[in-house]
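Heads up: the structure comes next, in structure tokens.
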Amino acid sequence: MKLYAHRGVMARYPENTMSAFRAAVDAKADGIEADVHMTKDGELVLIHDETIDRTTDGHGQVASMRLSELRRVNAGVPFDVEDRIPTLEELLDLCRGHRFDSISRSRPISNATRALRSG
């Protein structure tokens, strides 16, 4: 049986955070699923919703915020811990040297897809 970490180990850590992804690596998950959105300044960040309202102590649309603004919010609020919204690059850095069947996203990332196609 294969073990896939949906938004990291979101049952024990804040979803789509580095602590949840580290737990997936430590558990030797076969794959990691993450949700990717593009910020106003073109950075790819990992957060499920198009807004930061549900999973952080902030408010607003991811696509209308800069990475520096997103770094100031706490993504660990549901678990009463401090955690930040990570970038896709940070997740890929964490996964280097580990073997996974897949690192995937659960749905299209419209802003990022458009930017990659045009760039």
Side-chain angles (χ1 to χ4, degrees):
M1 182 162 93
K2 300 267 184 180
L3 173 67
Y4 291 91
H6 183 74
R7 300 182 206 158
V9 181
M10 64 180 275
R12 296 184 54 206
Y13 299 92
E15 65 183 65
N16 280 316
T17 62
M18 291 307 293
S19 51
F21 297 134
R22 275 189 217 96
V25 169
D26 292 347
K28 299 185 181 359
D30 295 298
I32 294 176
E33 181 275 341
D35 302 282
V36 183
H37 290 275
M38 183 180 280
T39 64
K40 181 178 181 177
D41 52 350
E43 297 291 333
L44 297 178
V45 295
L46 306 178
I47 185 167
H48 180 266
D49 303 341
E50 293 180 3
T51 71
I52 63 171
D53 300 31
R54 181 180 64 84
T55 58
T56 76
D57 60 356
H59 300 285
Q61 295 276 333
V62 174
S64 67
M65 301 176 81
R66 298 184 185 286
L67 179 60
S68 61
E69 294 171 290
L70 293 172
R71 292 292 198 190
R72 290 192 288 259
V73 301
N74 182 8
V77 171
F79 286 78
D80 199 30
V81 298
E82 285 287 323
D83 219 329
R84 300 287 164 234
I85 297 171
T87 64
L88 177 59
E89 184 176 346
E90 290 169 330
L91 174 58
L92 295 175
D93 285 346
L94 174 70
C95 293
R96 278 189 179 78
H98 299 277
R99 185 182 171 120
F100 291 101
D101 287 348
S102 66
I103 299 174
S104 64
R105 58 172 169 68
S106 65
R107 58 190 138 85
I109 47 174
S110 57
N111 289 346
T113 302
R114 278 194 295 276
L116 291 173
R117 284 185 187 150
S118 66

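The figures here come from the full heavy-atom set of this structure, side chains too, leaving out hydrogens, waters and symmetry mates. The model shown is predicted, which means the values in this text are computed figures rather than measured ones.
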Inset, instruction - Mark yes when over 12 heavy atoms from residues, nucleotides or ligands other than R54 sit less than 6.0 Å from its CZ; otherwise mark no. - result: yes

Legend entry - Taking every non-hydrogen atom, the tightest pair across F21 and P86: CE1-CG, 4.2 Å

Inset, instruction - Could you state whether L67 and M65 fall into the same hydrophobic cluster, counting links through intermediate Ile, Leu, Val, Met, Phe, Trp or Tyr residues with side-chain heavy atoms under 4.5 angstrom apart? - result: yes

Legend entry - Side chain to side chain, R22 and L94, heavy atoms closer than 4.5 Å: yes

Legend entry - Note, V81 side chain near P14 side chain (heavy atom, < 4.5 Å): yes

Legend entry - Flag for D35-N16: side-chain donor and acceptor within less than 3.5 Å: yes

Inset, instruction - State whether the number of non-hydrogen atoms from other residues, nucleotides or ligands found under 6.0 Å of D80 atom CG is greater than 12. - result: no

Legend entry - R84 (side chain) donor-acceptor with A75 (main chain) under 3.5 angstrom: no

Legend entry - side-chain hydrogen bond (donor to acceptor under 3.5 Å, both in side chains) partners of T39, counting only residues at least two apart: D41

Legend entry - Contact summary for A34 and L91, nearest pair of heavy atoms: CB-CD2, 4.1 Å

Legend entry - Residues H48, T55; criterion side-chain contact (heavy atoms from CB on, under 4.5 Å); working and verdict: CA-CA 8 Å; H48 180 266; T55 58; 5.7 Å; no

Legend entry - Candidate pair M38 and E43, rule side-chain contact (heavy atoms from CB on, under 4.5 Å), full reasoning: CA-CA 5 Å; M38 183 180 280; E43 297 291 333; over 6 Å; no

Inset, instruction - Indicate yes or no for a side-chain donor-acceptor contact from N74 to the backbone of D57 under 3.5 Å, with no hydrogens or angles considered. - result: no

Inset, instruction - Check the pair V62 / I52 against side-chain contact (heavy atoms from CB on, under 4.5 Å), numbers first and verdict last. - result: CA-CA 7 Å; V62 174; I52 63 171; 3.8 Å; yes

Inset, instruction - Indicate yes or no: at least one non-hydrogen side-chain atom of R66 is less than 4.5 angstrom from one of K40. - result: yes

Inset, instruction - Determine whether Y4 and M10 fall in the same hydrophobic cluster, where Ile, Leu, Val, Met, Phe, Trp and Tyr are linked whenever their side-chain heavy atoms lie under 4.5 Å apart. - result: no

Legend entry - Separation of L88 CG from L44 CG (nearest 0.5 Å): 5.5 Å

Legend entry - Check: R71 side chain, I85 main-chain N or O, donor-acceptor pair, under 3.5 Å: yes

Inset, instruction - Indicate, with yes or no, if V9 and L46 share a hydrophobic cluster defined by side-chain heavy-atom contacts under 4.5 Å among Ile, Leu, Val, Met, Phe, Trp and Tyr. - result: no

Legend entry - Spacing of OG1 belonging to T17 relative to CD1 belonging to I47, to within rounding of 0.5 Å: 11.0 Å

Inset, instruction - Provide the closest heavy-atom pair for E69 versus S64 in the form atom of the first, atom of the second, distance. - result: OE1-O, 4.4 Å

Inset, instruction - Give a yes or no answer on whether the side chain of Q61 reaches the backbone of T51 with a donor-acceptor pair at less than 3.5 Å. - result: no

Legend entry - same_hphob_cluster(L3, I32) at 4.5 Å side-chain heavy-atom cutoff: no

Inset, instruction - Report yes or no: do M18 and V25 belong to one cluster of Ile/Leu/Val/Met/Phe/Trp/Tyr joined by side chain heavy-atom distances under 4.5 Å? - result: yes

